[in-house]
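The structure appears below as structure tokens.
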Amino acid sequence: MANLSRRLLPSTSALAAFDSVARLGTFSAAAEELSLTQGAISRQIATLEEQLGILLFERTSRGVNLTEAGTDYARAIASALAEIRSASLQAMTKQHSDQLNLAILPTFGTRWLMPRIPRFVARHPEITLNFATRIGVFDFDRDDIDMAIHIGQPDWPGAESIFLMEEMVAPIASPSFLSSHPIARAEDLLRLPLLQMASRPGAWSHFFESLQVNGTPSQAMRFEQFSNVAQACIAGLGLALMPLFLIDSELANGQLVQAFPHQVKSTSAYYAVAPLSRKDFRPVVAFRAWLLEEVARYREGGSADSGG
């Protein structure tokens, strides 16, 4: 019985080596990830195969491929390893005050999230928030990030994506720009400078498709951040498709106005994303729950149409 129990509980080193090779596809990549030699990785895999009595990889001249049994085993142990990593991380952080390293989007973070953060701090004074700015998908482990607010699709590899909100976008311009560039119908937009967001190259095409308008939009400036796009619009450089809930103040004070009475749901949405290894980390759980409450509060406040 003891012998069988030992066979059913392989060493974590062997499981980590197997998991790494299964994900990365080569012994060399796994060796680099785990800071080991290829020989050490090979020995760990051989030991695991001998212990289980099955072949996990097919060796070829071009590398290694998972066998059917190896594929099933890799899928089965992935969640278990994630739980072990999460439990280890939580045990380590209990020695210190809880900290949450959070990646935020520049404009969303500044305009929507930060004004609400005092409520989280009041509820969870034991959690220290550390903010970093990130746009797009990145490596959580390499950047030492526990959680991210992401705009896009729920397809972040190795992570759990929780839907927060959609967004409605509309063409925005300054009043002075509109007075010198009157817009009577949607086709009029095609001849005007349409400012672009680098992260959303198809936004204008999606907008015109929603109106069933055919034509090629004029080429115009491209920007990385919405805050810069808003300033370009205020300066009269053109029109931009802007998420309405991110420019509440500019709309309220008249610096910007909706240039055409048509809104469209963006092809992207906002998500709270955490790597599978940290999704159960206590600060992540607490912040995610609070964030969902804030989104619900925001919608109940009557801004759902402007924010998604």
Side-chain angles (χ1 to χ4, degrees), residues 103-113 133-138 147-173 183 185-233 238-248 250-251 256-274 288 291-292 294-296 298-299 303-308:
I104 59 175
L105 300 161
T107 308
F108 180 89
T110 300
R111 301 203 170 201
W112 191 91
L113 184 63
T133 300
R134 296 288 186 279
I135 299 175
V137 176
F138 58 88
M147 188 179 184
I149 307 299
H150 174 61
I151 178 72
Q153 304 299 322
D155 55 3
W156 198 308
E160 176 186 69
S161 299
I162 303 296
F163 173 78
L164 295 176
M165 66 175 80
E166 295 168 336
E167 65 177 12
M168 300 300 291
V169 298
I172 300 298
I183 300 170
R185 56 199 186 102
E187 286 78 4
D188 294 339
L189 294 168
L190 291 169
R191 60 181 172 78
L192 300 176
L194 305 179
L195 307 181
Q196 308 282 338
M197 274 292 296
S199 60
R200 305 181 187 190
W204 277 111
S205 296
H206 176 65
F207 178 80
F208 286 118
E209 286 172 7
S210 72
L211 289 166
Q212 298 183 326
V213 171
N214 296 317
T216 302
S218 300
Q219 293 295 315
M221 300 177 184
R222 186 174 64 177
F223 299 85
E224 293 287 338
Q225 297 184 16
F226 276 121
S227 58
N228 294 333
V229 178
Q231 290 303 311
C233 286
L239 300 102
L241 279 178
M242 296 286 291
L244 298 177
F245 81 113
L246 293 182
I247 53 170
D248 281 341
E250 288 85 352
L251 293 172
L256 294 174
V257 295
Q258 187 169 331
F260 189 76
H262 179 69
Q263 300 178 18
V264 63
K265 184 189 297 183
S266 173
T267 55
S268 298
Y270 291 91
Y271 295 88
V273 182
R288 182 171 56 224
L291 191 57
L292 290 172
E294 287 296 324
V295 169
Y298 172 70
R299 288 173 173 159
S303 300
D305 290 338
S306 63

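FYI, the numbering just counts along the sequence from 1. Any value given below was found using the heavy atoms of this structure, including those in side chains, with hydrogens, waters and symmetry copies removed.
Taking the side chain as every heavy atom from C-beta outward, Val213 and Leu189 never approach each other to under 4.5 Å. No side-chain heavy atom of Met147 sits under 4.5 Å from any side-chain heavy atom of Val273.
The minimum heavy-atom distance between Ile172 and Leu244, with the atom names listed, is CD1-CD2, 3.8 Å. The two residues Cys233 and Leu195 come nearest to each other via the heavy atoms SG-CD1, 3.9 Å. The two atoms that bring Leu239 and Ala259 nearest to each other are CD2-CB, 3.3 Å, heavy atoms only. Minimum heavy-atom separation, Gly152 to Tyr271: O-CE1, 3.4 Å. Here the shortest heavy-atom pairing between Val169 and Ser266 reads CG1-CB, 4.3 Å. Considering every non-hydrogen atom in both Arg222 and Met197, the closest pair reads CG-C, 4.3 Å.
Interatomic distance, Leu241 CG to Met168 CE, rounded to the nearest 0.5 Å: 11.5 Å. How far CZ of Phe207 is from CD of Gln263: 9.5 Å, rounded to the nearest 0.5 Å. Separating the CE atom in Met242 from the CG atom in Leu251 is a distance of 8.5 Å, to the nearest 0.5 Å.
Remark: the backbone N or O of Leu194 is paired with a side-chain donor or acceptor of Gln196 at under 3.5 angstrom. In this structure, His206 contributes its side chain and Lys265 its backbone to a donor-acceptor pair below 3.5 Å.
Ser268 pairs by the side chain to side chain donor-acceptor pair (under 3.5 Å) definition with nothing, not counting sequence neighbours. Under the side chain to side chain contact (heavy atoms under 4.5 Å, CB included) criterion, Ser210 pairs with His262, Val264, sequence neighbours left out. Scored by the side chain to side chain donor-acceptor pair (under 3.5 Å) test, Glu187 finds Arg185 as partners (sequence neighbours excluded). Scanning for ring-ring contact (aromatic ring centres under 6.0 Å, His included) contacts around Phe208 gives Trp204, with sequence neighbours left out. When the side chain to side chain contact (heavy atoms under 4.5 Å, CB included) test is applied to Arg191, the partners found at least two apart in sequence or on another chain are Asp188.
Residues Phe245 and Tyr270 bring their aromatic ring centres within 6.0 Å.
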Ile183 and Leu192: side chain to side chain contact (heavy atoms under 4.5 Å, CB included), yes or no, with the steps?
CA-CA 10 Å; Ile183 300 170; Leu192 300 176; 3.8 Å; yes
Hey, mind stepping through Ile151 and Ile135 against side chain to side chain contact (heavy atoms under 4.5 Å, CB included) and telling me if it holds?
CA-CA 8 Å; Ile151 178 72; Ile135 299 175; over 6 Å; no
Which donor-acceptor pairs under 3.5 Å do side chains of residues 106-113 form with protein atoms, sequence neighbours excluded?
{"unit_1": "Thr107", "atom_1": "OG1", "unit_2": "Ser227", "atom_2": "N", "d": "3.4"}
{"unit_1": "Thr110", "atom_1": "OG1", "unit_2": "Pro106", "atom_2": "O", "d": "2.9"}
{"unit_1": "Arg111", "atom_1": "NH1", "unit_2": "Leu246", "atom_2": "O", "d": "2.9"}
{"unit_1": "Arg111", "atom_1": "NH1", "unit_2": "Glu250", "atom_2": "OE1", "d": "2.7"}
{"unit_1": "Arg111", "atom_1": "NH1", "unit_2": "Glu250", "atom_2": "OE2", "d": "2.8"}
{"unit_1": "Arg111", "atom_1": "NH2", "unit_2": "Glu250", "atom_2": "OE2", "d": "2.7"}

